[in-house]
Amino acid sequence: MKKLAKRLAALALSAAMLTVPAGAVTQDGQSETWFDGVWALIDAFGLTAENDPYILQNYINKYLQKHPEEMYEVINDILSLMDTHSMYLSSEEYSQGFSTLEGFVGIGVGLQQTESGVQITEVLRFSAAEEAGLQIGDMIVEIDGADAAEMTHTEVAERLRGAEGTAVRLTVRRQGRSVTVSCTRRQVNQVYVSGRTMADGVEYIKVSAMGSENDWTAFSDIWDGLDEKNTRAVILDLRGNGGGVIDVAFKMADAMTPEKDVYLGGVRWREDMGGLEQTYSTGGALPLNRIIVLVDGGTASAAELLAGSLQDNGLATLVGEPTYGKGQGQFHLDLVNGDKLVITTLVMELPRQGQYEGAGLVPDIRLENRTVTVRADALAPLDTGGTLRFGEQSDQVYAMTERLSLLGLLKEPSRVFDRVVLDAVAAFAESYEMGSLLHASPDLLAALEQAMQTLNGETYVIDDQLQLAVEMGKLAAEKPQQYTPLPDGSWKAK
């Protein structure tokens, strides 16, 4: 856009102003201050400032006469009056708040604080954590021999980061047993996309951020390989995804849209920057039986744009909790002193729901995850000396499934050893490296009982949202496949 090009030229000029010392005189003889440069950037790009060009000057003139030394606070005070997302940050503050855009040196995990300690919520692709075999759900027990039980989320994160090339030794608890690994810290690639097979024909794709084009590349690699696995259903997990690059969100939506010229959504700039910019699909996406998108209160910005585009076009079912409601986008402008100006420049619009700033998205199926506490002495007695087989109905099957439910492998206990229970038994056996089992052996039951004793008294979250999504995916995968894979690696719609 020609107008946008002019604005970018103005940006270069405005940024140059920031090198002018306070009270200096420019070439045209006008007195300029360091703040004049910042004000020019806000005026040139600010969404709110378009219709009120004096929004800053009115506040600046009054305030700086009394407090000329408080420039930093003044800028943020004024930005907060414009919208809730614009801010002026030091380089340190920016690195802490926008690490998904900058990357970091560490082992490559996402963390969350729970009542029982710090839990791994994400293992980043190509990271040291992935190579070491760390898994989502692992509870961090020790770091380099130090007890992590009383450490906060922040303390654990600080210990996991460090100089590139140094090693850290972790012990985690996984479904009642301890696993110890060693990871060598390195620059974490800005790839926040991973995938795995959940069941026959059901693929799970986790997108925890859209930090760069690398995330689109990783997503595209996974998506392009779905036909080789005869995939019929996909679970797209956008929970905790705070957004990122809008173009990446549109590319992902386009990759998942079979029909051509479907309106995916729009970006509304200032009128002098082009106004509404609309994006349409190119078509040709793999025809799937179902797409399930997981969302929660941490799903925001570009992630909401992706989820909402799929929802509005009838391409996906949203499961989980209402999303955050951040429908405005920002430019992240580098200043010559190393600081950052994050300024709102656009608003995102969905095909049917329109602008979602402050409103968010409502899932088609609203579901909160369970919080459970293990009380080993309150569980039904389990005989670990016998074998439980497929098809059996008994109190012992109930005792086993009660424990599997507490581990999040089943939604609820059952007296019948059916296919759902068998899948849960197989998942537990795989976690304990017992191989593929078509029954519950004495060794498996003993390991299950030991897990309950280890977890006794602990409280944690069961991912019912994912479990429901897997069940929905399995049902969809039972329906006829809508395409035929070809020998050359391509596919043909039926």
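Computed from a prediction, not measured in an experiment: that's the story for all the values here. By convention here, the first residue in the shown sequence is residue 1.
For Thr299, the side-chain hydrogen bond (donor to acceptor under 3.5 Å, both in side chains) partners at least two apart in sequence or on another chain are Asp296. For Tyr324, there are no ring-ring contact (aromatic ring centres under 6.0 Å, His included) partners two or more places apart in sequence or in a different chain. Judged as a side-chain hydrogen bond (donor to acceptor under 3.5 Å, both in side chains), and not counting sequence neighbours, the contacts of Arg268 are Glu349. For the side-chain contact (heavy atoms from CB on, under 4.5 Å) test, residues two or more places apart in sequence or in another chain that qualify with Gln450 are Gln453, Thr454. Contacts of Thr344 classified as side-chain hydrogen bond (donor to acceptor under 3.5 Å, both in side chains), with partners at least two apart in sequence or in another chain: Asp83, Ser86, Gln330. The ring-ring contact (aromatic ring centres under 6.0 Å, His included) test applied to Trp223 returns Phe219, not counting sequence neighbours.
The distance from atom NZ of Lys411 to atom OG of Ser405, rounded to the nearest 0.5 Å, is 10.5 Å. In this structure, OG1 in Thr231 is found 8.0 Å from CD in Gln481, a value given to the nearest 0.5 Å. Ile120 CD1 to Asp138 CG: the interatomic distance, rounded to the nearest 0.5 Å, is 5.0 Å. To the nearest 0.5 Å, atom CG of residue Leu318 and atom CG of residue Leu238 are 8.0 Å apart. Here CD of Glu402 is found 9.5 Å from CE of Met452. Values are rounded to the nearest 0.5 Å. Separation of atoms CD (Gln135) and CD (Glu130) is listed at 11.5 Å; rounding is to 0.5 Å.
Residues Val193 and Lys206 are not in side-chain contact: their nearest non-hydrogen atoms beyond the backbone lie 4.5 Å or more apart. In this structure, Met472 and Val319 have side chains that are in contact, with non-hydrogen atoms separated by less than 4.5 Å. Proximity of Gln311 to Asp364: side-chain heavy atoms (C-beta onward) are separated by under 4.5 Å at one or more points. At least one side-chain heavy atom of Val123 sits less than 4.5 Å from a side-chain heavy atom of Ser127. The closest side-chain heavy-atom distance from Asn313 to Pro351 is below 4.5 Å. Tyr356 places a side-chain heavy atom less than 4.5 Å from the side chain of Leu350. For the pair His85/Val342, no side-chain contact is recorded, criterion being any heavy-atom separation below 4.5 Å from C-beta on. The closest side-chain heavy-atom distance from Met151 to Glu158 is not below 4.5 Å.
Among all heavy-atom pairs drawn from Leu111 and Val109, the shortest one is CD2-CG2, 3.8 Å. A pairwise comparison of heavy atoms in Ile143 and Ala148 identifies CG1-CB, 4.4 Å as the closest pair. Here the closest heavy-atom approach between residue Met400 and residue Phe417 is recorded as CE-CE1, 4.0 Å. Here the closest non-hydrogen pair linking Met210 and Ala303 is CE-CA, 3.8 Å. For the pair Arg352 and Asp312, the tightest heavy-atom approach, listed with the atom from each and the gap, is N-OD2, 2.8 Å. Minimum heavy-atom separation, His439 to Leu422: N-CD1, 4.4 Å.
Side-chain polar atoms of Ser281 and Asp254 form no donor-acceptor pair below 3.5 angstrom.
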Task: Verdict with supporting geometry, His153 and Gln119, side chain to side chain donor-acceptor pair (under 3.5 Å) - done: CA-CA 9 Å; His153 167 277; Gln119 188 176 40; over 6 Å; no

TODO: Apply the test side chain to side chain contact (heavy atoms under 4.5 Å, CB included) to residues Gln112 and Thr114: give CA-CA distance (whole Å), side-chain angles for both, the deciding distance (0.1 Å), then the verdict.
DONE: CA-CA 6 Å; Gln112 74 173 1; Thr114 71; 3.8 Å; yes

Open item on the list: If you apply the rule side chain to side chain contact (heavy atoms under 4.5 Å, CB included), what do you find for Val267 with Leu276, and how did you get there?
Closed with: CA-CA 6 Å; Val267 172; Leu276 179 62; 6.0 Å; no

Task: Verdict with supporting geometry, Arg232 and Glu203, salt bridge (charged side-chain N to carboxylate O under 4.0 Å, His left out) - done: CA-CA 8 Å; Arg232 276 95 68 197; Glu203 290 295 311; over 6 Å; no

Open item on the list: side chain to side chain donor-acceptor pair (under 3.5 Å), that's the test. Do Asp488 and Ser490 meet it? Break it down for me.
Closed with: CA-CA 6 Å; Asp488 63 358; Ser490 62; 2.5 Å; yes

Open item on the list: As a quick check of understanding, evaluate side chain to side chain donor-acceptor pair (under 3.5 Å) for Ser394 and Gln396, giving each step before the final call.
Closed with: CA-CA 5 Å; Ser394 67; Gln396 283 301 295; over 6 Å; no

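For the pair Glu449 and Arg403, the salt-bridge criterion is met [side-chain N within less than 4.0 Å of a carboxylate O]. Between Glu321 and Arg366, none of the side-chain N atoms (NZ, or NE/NH1/NH2) sits under 4.0 Å from a carboxylate O, so this pair counts as no salt bridge. By the 4.0 Å N-to-carboxylate-O rule, Glu458 lies close enough to Arg173 to be salt-bridged with it.
With Glu228 contributing its side chain and Gly225 its backbone, the two residues share no donor-acceptor pair below 3.5 Å. With hydrogens and angles disregarded, no donor-acceptor distance shorter than 3.5 Å links the side chain of Gln328 to the backbone of Met348. Within the 3.5 Å criterion, the main-chain N or O of Gly110 finds a donor-acceptor partner in the side chain of Thr121. Asp215 places a side-chain N or O within 3.5 Å of a backbone atom of Gly211 that can act as its donor or acceptor partner.
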With a cut-off of 3.5 Å and sequence neighbours excluded, list every side-chain donor-acceptor pair involving residues 256-266.
from   : atom 1 : to     : atom 2 : distance (Å)
Thr257 : OG1    : Ala253 : O      : 2.7
Tyr263 : OH     : Gly266 : N      : 3.3

Can you give me every donor-acceptor pair (side chain of residues 373-390, partner residue at least two apart or in another chain, under 3.5 Å) with its distance?
from   : atom 1 : to     : atom 2 : distance (Å)
Thr373 : OG1    : Thr459 : OG1    : 2.7
Asp383 : OD1    : Gly385 : N      : 3.0

Pairs under 3.5 angstrom only: tabulate donor-acceptor contacts from the side chains of residues 162-172 to other protein residues two or more places apart or in another chain.
from   : atom 1 : to     : atom 2 : distance (Å)
Thr166 : OG1    : Ala163 : O      : 2.6
Thr166 : OG1    : Arg185 : NH1    : 2.8
Thr171 : OG1    : Thr180 : OG1    : 2.9

Donor-acceptor list for residues 423-431 side chains, cut-off 3.5 Å, not counting sequence neighbours:
from   : atom 1 : to     : atom 2 : distance (Å)
Asp423 : OD1    : Arg419 : NE     : 3.4
Asp423 : OD2    : Lys474 : NZ     : 2.9
Ser431 : OG     : Gln175 : OE1    : 3.3

Under 3.5 Å, which donor-acceptor pairs link side chains of residues 283-295 to any protein atom two or more places apart or in another chain?
from   : atom 1 : to     : atom 2 : distance (Å)
Asn289 : OD1    : Gln482 : NE2    : 3.0
Asn289 : ND2    : Ala476 : O      : 2.9
Asn289 : ND2    : Lys479 : O      : 3.3
Asn289 : ND2    : Pro480 : O      : 3.4
Arg290 : NH2    : Thr317 : OG1    : 3.2

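Identified under the side-chain hydrogen bond (donor to acceptor under 3.5 Å, both in side chains) test for residues 236-251, with sequence neighbours left out: Tyr204-Asp237, Glu213-Lys251, Asp237-Arg239, Arg239-Asp463, Arg239-Gln465.
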